[in-house]
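One-based numbering, in listed order, for ligands and for the atoms of each. Here the structure is a predicted model, which means the values were calculated and not measured.
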Amino acid sequence: MQNNIFSSDSTAQNILVLDKTDSTNTYLKNYLSKFKPLEEFTAIMTHEQTAGRGLRGNIWQSAAGENLTFSLLLYPDFLPIHKQFLLSACISLSVYELLLPITATVRIKWPNDIYVSEKKIAGILIENSLQHQQLKHSIVGIGMNINQTHFVESIQSKATSLKLATHADENYSVLNICQALIGIIRKNYNRLKNDAEGILHDYNAFLFQKDQLCSYQVGNEILEGKIIQVEEDGFLQVLVNNEIKKYDLKDISYLK
Ligand code: BTN
């Protein structure tokens, strides 16, 4: 039996489903370099990734056949390079909106991790190709833990899945979730074209640890501060000793 809470309907997306590939981001990138341009919103999903990639050169581990691993091709040529974070905000917000109806504790952990009850459920890797100060194409890779209930020890306490978070007995349909998510991304991507401020506003409304006094590592120091918001350029604003500080991803790390 399958949990069909995410139904695919007439808005169904065209998704190429592979049994196995190294990484759906790599697959799409190689395809684009060899063949003629693909339509925007071309999606590649795979049941198994043998070399899934994460942020900062990390690997993305995902048990074969249990989770969502897919990449979507976008041509956000309406975004200048210095506003590319807005695409990331748009995608994070979409994953958030997908999960909210079934997991109320979902939050967006800056820059683009999705957490449920303080554990990571999804990660996003966006790879942009640039031309003349504009974005030429973006490969949006999303990995979401769906039906996996056991994780390797190193991430067991930090990772969750949709099945775990909702205490579901039945498995979810990964393909239905993929279709539902692409539908939400389409809606938010259209909104991004004429209401980028609204996208950023909503992204900021659902930030993990927002307005809470928490500890962060900055260089060799541990400091206490409150996340206020993320700016259009992707920098994080943190209130530290009554002063607003601005951090890039490489400057600050979460302690939990
Ligand atoms: C992260 O949190 O570090 C980002 C993880 C992104 C993983 C997805 S899975 C589909 C796509 N293909 C990849 O190789 N990576 C992304």
Side-chain angles (χ1 to χ4, degrees), residues 13 15-33 38 41-74 84-85 87-96 98-99 106-116 118-129 137-148 151-152 154-162 165 172 174-175 177-182 184-185 203 207-208 230 234 236 248-250 252-254 256:
Q13 314 290 325
I15 302 171
L16 173 64
V17 182
L18 306 172
D19 270 344
K20 188 174 175 167
T21 189
D22 49 0
S23 146
T24 52
N25 269 36
T26 310
Y27 183 96
L28 209 43
K29 196 187 286 181
N30 289 343
Y31 194 100
L32 282 171
S33 68
L38 291 167
F41 275 90
T42 295
I44 313 284
M45 182 185 122
T46 189
H47 296 302
E48 183 178 358
Q49 275 192 149
T50 53
R53 296 187 285 112
L55 286 175
R56 295 178 287 270
N58 289 329
I59 55 167
W60 180 257
Q61 291 178 346
S62 181
E66 300 196 335
N67 301 316
L68 176 59
T69 45
F70 82 106
S71 300
L72 192 63
L73 177 66
L74 296 176
Q84 57 185 284
F85 172 73
L87 178 64
S88 177
C90 169
I91 303 299
S92 303
L93 182 63
S94 304
V95 179
Y96 169 88
L98 173 88
L99 295 175
V106 61
R107 289 287 175 274
I108 302 168
K109 187 173 179 181
W110 173 80
N112 52 13
D113 283 344
I114 309 299
Y115 270 55
V116 169
E118 317 251 315
K119 292 182 174 188
K120 182 161 170 172
I121 194 165
I124 298 164
L125 175 68
I126 300 180
E127 297 183 291
N128 291 323
S129 144
H137 70 243
S138 294
I139 296 176
V140 175
I142 302 178
M144 191 189 302
N145 300 328
I146 308 289
N147 295 314
Q148 188 169 347
F151 295 90
V152 292
S154 54
I155 58 167
Q156 181 73 35
S157 62
K158 300 184 233 164
T160 192
S161 67
L162 201 51
Y172 289 93
V174 175
L175 186 60
I177 291 176
C178 190
Q179 284 182 328
L181 179 54
I182 295 173
I184 298 172
I185 293 175
Y203 169 95
L207 269 189
F208 180 75
V230 179
L236 181 72
D248 193 3
L249 189 56
K250 62 181 179 341
I252 186 166
S253 340
Y254 291 83
K256 67 169 191 151

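- Partners of Glu118 under the side chain to side chain donor-acceptor pair (under 3.5 Å) rule, at least two apart in sequence or in another chain, are Lys256.
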So what's ligand 1 close to, N/O to N/O, under 3.5 Å?
from	atom 1	to	atom 2	distance (Å)
ligand 1	2 (O)	Lys120	NZ	2.6
ligand 1	3 (O)	Leu55	N	2.7
ligand 1	12 (N)	Thr24	OG1	3.2
ligand 1	12 (N)	Gln49	OE1	2.8
ligand 1	14 (O)	Ser23	OG	2.7
ligand 1	14 (O)	Arg53	N	2.7
ligand 1	15 (N)	Arg53	O	2.7

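- Donor-acceptor pairing under 3.5 Å is lacking for the side chains of Thr50 and Asp22.
- The side chain to side chain donor-acceptor pair (under 3.5 Å) search around Ser23 returns Thr26, not counting sequence neighbours.
- Side-chain contact between Trp60 and Thr69 is present, with at least one heavy-atom pair separated by less than 4.5 Å.
- Residues meeting the ring-ring contact (aromatic ring centres under 6.0 Å, His included) test with Tyr203, sequence neighbours left out: Phe85.
- Using a 4.5 Å cut-off on side-chain heavy atoms (C-beta onward), Tyr27 and Leu16 make contact.
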